[in-house]
Structure formats: structure tokens, C-alpha cells
Asker: 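The following block contains the structure, expressed as C-alpha cells.
To find a chain, count down the sequence lines: A is the first, B the second, and so on, and within it residues start at 1.
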There are 2 protein chains.
Amino acid sequence: MTANPAPPLRADARRNRERLLAGAATLISARGADVPMEEIAQHAGVGVGTLYRRFPDRHSLIRELAADMFRRGIAIAEADPGGLTGWDALVRLVRFCGEPELGALASALRPWLAEHRDADAELRDLTMTWLDRFERTVRRAQDEGAMRADIDGADLLNFISLVSCRMPELSAEASRDATARYLEIVLDGLRV
Amino acid sequence: MTANPAPPLRADARRNRERLLAGAATLISARGADVPMEEIAQHAGVGVGTLYRRFPDRHSLIRELAADMFRRGIAIAEADPGGLTGWDALVRLVRFCGEPELGALASALRPWLAEHRDADAELRDLTMTWLDRFERTVRRAQDEGAMRADIDGADLLNFISLVSCRMPELSAEASRDATARYLEIVLDGLRV
DNA sequence: GATAAACGGACGATCTTCTTCCACTTGTAT
DNA sequence: ATACAAGTGGAAGAAGATCGTCCGTTTATC
């Protein structure tokens with residue numbers, strides 16, 4: 001099992017795959033992990049057949065979405081620009097969580113993850129790594145005495161995920177703006 | 001149309017009606033406005049027939065739930081214990097919003113309300129009255145200079161509703177606790 | 001004890017979504 | 001330019017879920 005032959009995708013197929021993932025993320029953020037496969041295909045401008053050829057079932061599509069999301073979060077947490085105080089690093093991280101591609105998607109995937117995470121080793125690992133990176137940042141800020149100590153990383157992540165959820169009755173931009181504003185208030189509330 | 005004959009319900013029927021409403025509120029808070037009617041009936045310990053006899057369709061059931069919810073919120077906002085500063089009145093009101101019967105239900109009904117509110121005059125009125133009472137309290141706190149001025153009542157209500165949503169992966173008590181804790185942080189963030 | 005109200009839950013109808021399949025199209029290597 | 005393997009769209013059959021009705025039985029009330 002050292003190397004899968006993995007025939008490279010044709011150019012158009014790769015393009016469609018990207019479109020499917022991006023479109024699915026948007027759609028799922030707004031409507032939950034159970035949007036019809038047909039809509040996901042339509043939204044990406046392809047037929048359902050194409051969707052099913054690339055992802056054999058809904059599970060494998062969402063799995064991919066979730067994994068990407070965690071990887072992005074971890075990458076951001078690890079890409080410390082340097083010279084930041086713990087508090088500033090936390091602020092930076094929380095603001096990134098306000099981005100729809102992270103926060104809104106994470107919110108929408110919550111129920112799905114709660115149900116499927118445990119059955120998938122890689123996903124479990126990614127979850128734990130992401131949580132660890134987040135907690136590390138929180139602890140730094142707390143150790144400095146800059147952040148209130150009565151809430152831990154997991155709890156804060158949970159909190160943020162509630163606030164970051166996509167509000168479908170608002171436009172995409174309005175929803176994103178609202179989330180950003182609310183997160184600033186949360187940050188104010190976290191300051192000692 | 002001055003008076004509807006409205007034959008009074010038999011005692012057992014009235015009891016079942018209450019159970020249905022209470023159970024539906026709990027179930028819908030956790031799973032959204034589209035839980036199967038059958039489950040709602042089961043949860044209340046009655047058959048679907050009974051549910052449908054009392055509420056001819058899902059719409060009329062949810063309508064009732066929503067109206068009750070607004071009435072409770074309005075009653076609380078209007079029951080000022082007196083002698084409170086604007087800020088303290090706001091804190092009191094926000095904490096009430098953390099109660100599952102208000103906040104979690106409001107969160108769950110959001111999508112439904114967004115779609116059906118406009119077609120129902122009474123519901124529209126209740127929404128506006130509730131919003132008005134809430135905004136009034138917010139403005140009092142802001143006029144005192146106790147609360148940040150860059151967020152208005154409607155926006156804060158929206159914010160609170162995100163935070164108050166039932167977290168189904170947690171037990172009812174844990175979810176309620178978490179909401180309460182998060183709201184305290186929000187309140188801290190709202191303080192000037 | 002009579003009677004009207006209320007009850008439960010099986011059932012047929014309807015609607016939704018999944019997933020497969022195959023005739024047709026397109027990228028790519030020669 | 002050509003051939004062919006890879007890719008595509010979308011119709012259609014299968015599977016399931018949910019709705020709301022109906023009626024024989026139970027129960028509150030007088």
C-alpha cells in the first residue's frame with residue numbers, strides 16, 4: 001500500500017472537481033449537510049453523474065470538505081507571523097474563524113461531524129490537531145493574563161462556531177459582516 | 001364574528017394539548033421545525049390522530065408555539081421589577097433569552113419564521129412588539145452610557161439568538177449551561 | 001349508564017432523494 | 001488529424017420518508 005496508481009485526472013475533470021467542492025461548501029454552509037446531491041451538482045454547473053463519479057456518495061464528499069476545512073484551520077494556526085503576543089495571536093485566529101470558509105462551514109458540519117467523526121481515523125486526527133492548536137493559542141493568551149481564565153479552548157471553539165454560522169436570511173456579505181461584528185464583541189468579552 | 005362558540009375541551013384533551021405543545025417545543029428546539037409529526041405525537045405520548053385533531057397541520061402547531069414564545073418574551077420585557085438601571089434591565093432580559101423556552105426555540109424557529117411570518121398578521125405584530133420592547137431596553141442601557149453604541153437592538157437580538165441555539169450533541173442541561181456562560185461573555189463585551 | 005368527545009395508529013397517497021446507466025462529448029497523445 | 005480513453009449529462013427506477021385521513025375503540029362527563 002505504498003503507492004496507489006492513482007491515474008491523474010483530466011484537466012476538465014479536475015476543474016469540475018474543484019467547482020463541486022467549492023459549490024458544495026457554499027451550499028452546505030447555508031443549508032446544512034443534507035442538501036440534495038442534485039443541487040450540489042447543479043450549483044457547480046455539472047450533472048449528477050459527474051458528481052457521483054468524483055465522489056461515490058455524499059459521505060465521501062463531505063468528508064473531503066471537512067478535512068480541507070481542518071487543514072486550513074491548522075495551517076492558519078501554525079502560520080504565526082511572529083512577534084505576536086498570545087492575545088494578538090488569539091485575536092488573529094478568532095478572526096480567521098469568522099471567515100465563511102472556516103466558521104460557517106464548521107457550523108454547518110457540526111451535526112454531521114458529531115455523527116461520523118469517530119468512524120474515520122484521519123478526521124479524528126485532524127479534529128484533535130486543530131483543537132490542540134487552538135487550545136495552545138488560548139492558553140498562551142491566558143498565561144499572559146490577557147484573557148479570562150474561566151473558559152477553555154474547546155468551549156471557546158464551540159462558542160465561536162455558534163456565532164459563525166451562516167445566516168441564510170441575510171446575504172452572504174451581510175452574514176459575514178454580522179459574524180465579524182459579533183466576534184469583535186466576543187473578543188471584548190474575553191479580554192480580562 | 002364577535003364570538004366563536006368554541007366548545008370547551010374535555011379535560012384529557014386539554015392535557016394532551018399542553019403536552020403536545022411542550023413536547024413539540026423541546027423537539028423542535030433540538031431538531032428544527034421540520035421534525036416528523038409522528039415523533040411529536042410520540043414524544044407527547046399520544047397518537048398522530050390526536051395531534052392532527054388538535055392542530056390541523058404542522059403550520060398551525062408551529063404558529064401557536066411561535067406566538068406563545070413571543071408572548072412570553074414580551075411579558076418578561078414588560079415586567080420590569082422597578083428600580084433597575086437600564087443596564088441591569090438589559091442584563092435581566094438577555095439572561096431570560098438564554099432560557100431554552102425562549103432562546104433555543106427562537107433559534108430553531110428562525111427559518112420557519114423567516115418564511116411564514118409575513119403571511120400572518122398576528123405573528124407579525126407579536127414580532128414587532130417583542131422587537132420594540134427589546135430595543136427599548138437596549139436604548140435605555142445605551143443612553144446611560146453603559147452599553148456600547150455600535151450595535152442596535154435588532155442586531156443584538158440576532159446575535160443572542162445564534163448563541164442561544166440548542167446544541168444537540170450536548171445534554172439539555174449542558175447546552176443550557178453553555179448558553180448561559182456564553183451570554184455572560186457577550187454581556188461583558190457589550191459593557192462600554 | 002348513555003352518549004358525545006377523544007383516542008390511537010394502520011394505511012394509501014404523495015413527494016423527495018439516491019444512485020445507476022448509457023449514449024454522447026471532449027481532452028490528449030500520437 | 002485521428003483515435004480512443006476519459007469524462008459528461010440527465011432520465012429513470014428504486015427506496016424511503018412523511019403526510020393526513022379514517023374508523024373501530026376507549027373515556028370523560030352528565
Asker: Check the phosphate of dG7(D) against N16(A), side-chain N and O only, distance under 4.0 Å to OP1 or OP2. Yes or no?
Answerer: no
Asker: For R54(A) and dA6(D), what is the distance between atoms CZ and C1' respectively, to the nearest whole Å?
Answerer: 9 Å
Asker: Taking all atoms of both residues into account, what is the closest heavy-atom pair of A24(B) and L61(B), and its distance?
Answerer: CB-CD2, 4.2 Å
Asker: Any side-chain heavy atom of E64(B) sitting closer than 4.5 Å to one from R17(B)?
Answerer: yes
Asker: What residues, two or more places apart in sequence or in another chain, satisfy side chain to side chain donor-acceptor pair (under 3.5 Å) together with R58(B)?
Answerer: none
Asker: Give the residues of residues 59-68 of chain A touching DNA chain D, defined as any heavy atom closer than 4.0 Å, sorted by residue number.
Answerer: none
Asker: What residues form a side chain to side chain donor-acceptor pair (under 3.5 Å) with R176(B), not counting sequence neighbours?
Answerer: E99(B)
Asker: Listed in order of residue number, which residues of residues 20-32 of chain A have a non-hydrogen atom at under 4.0 Å from DNA chain C?
Answerer: none
Asker: Side chains of residues 32-53 of chain A: which donor-acceptor pairs under 3.5 Å do they make with residues two or more places apart or in other chains?
Answerer:
residue: E39(A); atom: OE1; partner: R31(A); partner atom: NH1; Å: 2.7
residue: E39(A); atom: OE2; partner: R31(A); partner atom: NH2; Å: 3.2

Asker: Considering only distance and modelled atom types, tabulate donor-acceptor pairs under 3.5 Å from the side chains of residues 74-81 of chain A, sequence neighbours left out.
Answerer:
residue: E78(A); atom: OE2; partner: R133(A); partner atom: NE; Å: 2.6
residue: E78(A); atom: OE2; partner: R133(A); partner atom: NH2; Å: 3.0
residue: D80(A); atom: OD1; partner: G82(A); partner atom: N; Å: 2.7
residue: D80(A); atom: OD2; partner: R140(A); partner atom: NH1; Å: 3.3

Asker: L123(A) and A66(A): which non-hydrogen atoms are nearest, and at how many Å?
Answerer: CD1-CB, 4.3 Å
Asker: Apply side chain to side chain donor-acceptor pair (under 3.5 Å) to D177(B) and list each qualifying residue two or more places apart in sequence or on a separate chain.
Answerer: none
Asker: Quickly work out the I40(A) CD1 to dG9(D) C1' distance and round it to whole Å.
Answerer: 17 Å
Asker: Among pairs that include at least one residue of residues 102-112 of chain A, which meet side-chain hydrogen bond (donor to acceptor under 3.5 Å, both in side chains), considering only residues two or more places apart or in two chains?
Answerer: R110(A)-N158(A), R110(A)-S161(A), R110(A)-E169(B), W112(A)-H116(A)
Asker: Which residues pass the ring-ring contact (aromatic ring centres under 6.0 Å, His included) test with W87(B), not counting sequence neighbours?
Answerer: none
Asker: Tell me, do D125(B) and F70(B) make a side-chain contact under 4.5 Å, heavy atoms counted?
Answerer: no
Asker: If you count the non-hydrogen atoms of other residues, nucleotides and ligands that lie under 6.0 Å from CD in E115(B), is the total more than 12?
Answerer: no
Asker: Listed by chain and number, what are the side chain to side chain donor-acceptor pair (under 3.5 Å) partners of D88(A), not counting sequence neighbours?
Answerer: T85(A)
Asker: Within the pair T50(A) and dG9(D), is there a side-chain N or O less than 4.0 Å away from OP1 or OP2?
Answerer: yes
Asker: With heavy atoms of chain A within less than 4.0 Å as the criterion, where does contact along DNA chain C begin and end?
Answerer: dT17(C) to dT28(C)
Asker: Quick one: what's the B/S/- string for nucleotides 20-30 of chain D, heavy-atom cutoff under 4.0 Å, read 5' to 3'?
Answerer: BB-----BSS-
